[in-house]
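In the text below, chain A, chain B and the rest are named by the order of the sequence lines, each starting its count at 1. As the structure is a computational prediction, the values presented were derived from the model and not from experiment.
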Number of protein chains: 2
Amino acid sequence: MTSKPSGMVDHLNAEQWGKLSPLMMHHGHFAPGDIVSHRGDLLDHSLLLLDGLVARKVPRGQRARSTVVALQFPGEFVDLHAFPLKKLDHDVVSLTGTSVARIAHDDLHHLLNGDVELARKLWLMTLVDASIHRHWVMRNSAMRALARVANFLCEYDARMTAAYAGERDSLPFSLRQSDIADATGLTSVHVSRTLRDLREHGCCSVSGGQLAIHDRAGLHKMGMFDAAYLYMPQSGTAL
Amino acid sequence: MTSKPSGMVDHLNAEQWGKLSPLMMHHGHFAPGDIVSHRGDLLDHSLLLLDGLVARKVPRGQRARSTVVALQFPGEFVDLHAFPLKKLDHDVVSLTGTSVARIAHDDLHHLLNGDVELARKLWLMTLVDASIHRHWVMRNSAMRALARVANFLCEYDARMTAAYAGERDSLPFSLRQSDIADATGLTSVHVSRTLRDLREHGCCSVSGGQLAIHDRAGLHKMGMFDAAYLYMPQSGTAL
DNA sequence: CGTGCTTTTGACCGTGTTCAATGGATGTGG
DNA sequence: CCACATCCATTGAACACGGTCAAAAGCACG
């Protein structure tokens, strides 16, 4: 039996989770760098992330680094969109040691046939993903490096806080600077300089696998951060 | 009675369209620049675009231009995600004269309660939107200006071709260069230079409200275009 | 204590921005 | 019919942001 994680799945109420969790008997684990599923694979199941961090990557030729188009936190499905789409347009890659719960599309199919409300909730969760995608388009298109990285870290903070219920001034952070670079459309060299700037501004610092937030308000301001696009379950009527 | 447009709604079969279209009795029209719905509005209906072009825009302060995070073509719902989400994180703006068909969420609710397959199709259509969002993240993060604009025009070509069934070497194009700029994360000045480059390369040219494609293969190559992410209904097993 | 990976730093350079002026097209009122 | 306003596209010059290349410094792990 999978115990209910916090975060995105808080969109589900207890009853809905009670129906869904029995279908997720198989748990799996991945190591950093493992490719969970390949672009174009025919998928017959989806995965709920229980712990760790997963990226959706678009590969671009041999030479170039692939672009990170999305990041998934615990409590989120990493590839629920594979249920209607069947094939994905991107790779799914484990960035850290991760543990996941597996749900077969056949089981999900039968469950959702009998529960329209639950189906709508899962639909909604994929739409929150889409909202985050739109924010990433905006961030990587219209913000300069400093604001861009600051905003990225604000999002990390917010989603991590939701995943592990409880705001902290220091949170686990196992992304490398090259991962931040792939996600923000910068080079890792420039990410390094940008993080130094944020440090010198007294906003936050990354070291030893921890993100220390020294001035959350300042960081939010610097990243022009407004969490509305995350459609957090608890924050109700934010938008 | 709304006659079935081509494009995204081709994901629906005739029977499904037969169920959906009677709910879209009200048709509406918008002029260029009209705001169809505002960020944060509580929506009780969604709109299917029948003709024209609609953008989803994220406003960014008074001074700056707003970012175009998505573009909708005829045959696509412009705000179907408002059905589960209720409130949107962005504005919906008519870029041209547009005509739309309106469907009330209450009606949709009742219809989908009785047709799980149709619900899944509509879910799928929003997931294709999300796939396009991811592509935009990649394009605006990882491609240089020339490839970026070329890729954007390839997408325009492909979606326009799907919407009006039939490949042509010259298609209606009512976007201004500043719209392209807002969608690609460039300045309109640089879009102007980039379009000149594409013209001088013999790929395509924009003038008089028409996009003339002189060398489609060359344009695709220049924009590294692969339409798989569009999940076109007719193209079947592309991914 | 070396080997390999990540971060940091420096110098240089190029893509794209900014600012500003010009030109072209379209539309309006005198 | 022509002045005039408006909007959009185009061009030029200067510059800054971020990229590229390369080397060095930290750091973890065997």
Residue-level proximity of residues 180-190 of chain A to DNA chain D when a heavy atom falls under 4.0 Å: A/G185, A/L186, A/T187, A/V189, A/H190

Sugar-phosphate, base or nothing in reach of A/R144, heavy atoms under 4.0 Å: sugar-phosphate

Residues within residues 196-212 of chain B bordering DNA chain C, heavy-atom distance below 4.0 Å: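 Listed by number, there are none.
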
Can the ring centres of [X] and [Y] be said to be less than 6.0 Å apart?
X      : Y      : result
A/F77  : A/F83  : no
A/H201 : A/H214 : no
A/H90  : B/H135 : no

Check: D/dT20 base within 3.5 Å donor-acceptor of A/R193 side chain: yes

Test item: B/D79 side-chain N/O and B/A82 main-chain N/O as donor-acceptor pair under 3.5 Å: no

Taking only residues two or more places apart in sequence or in another chain, which ones pass side-chain hydrogen bond (donor to acceptor under 3.5 Å, both in side chains) with [X]?
X      : value
A/D182 : A/R65
A/E155 : A/W136, A/R139, A/R159, A/Y229
B/S6   : none

Rounded distance (Å) that lies between atom P of D/dC7 and atom CD of B/Q177: 17 Å

Distance, rounded to the nearest Å, where A/L146 contributes CG and D/dG18 contributes C1':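 So the CG-C1' distance, A/L146 to D/dG18, works out to 13 Å.
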
Inter-axis angle, terminal five-pair segments of the helix from C/dC1-D/dG30 to C/dG30-D/dC1 [nearest 10°]: 30°

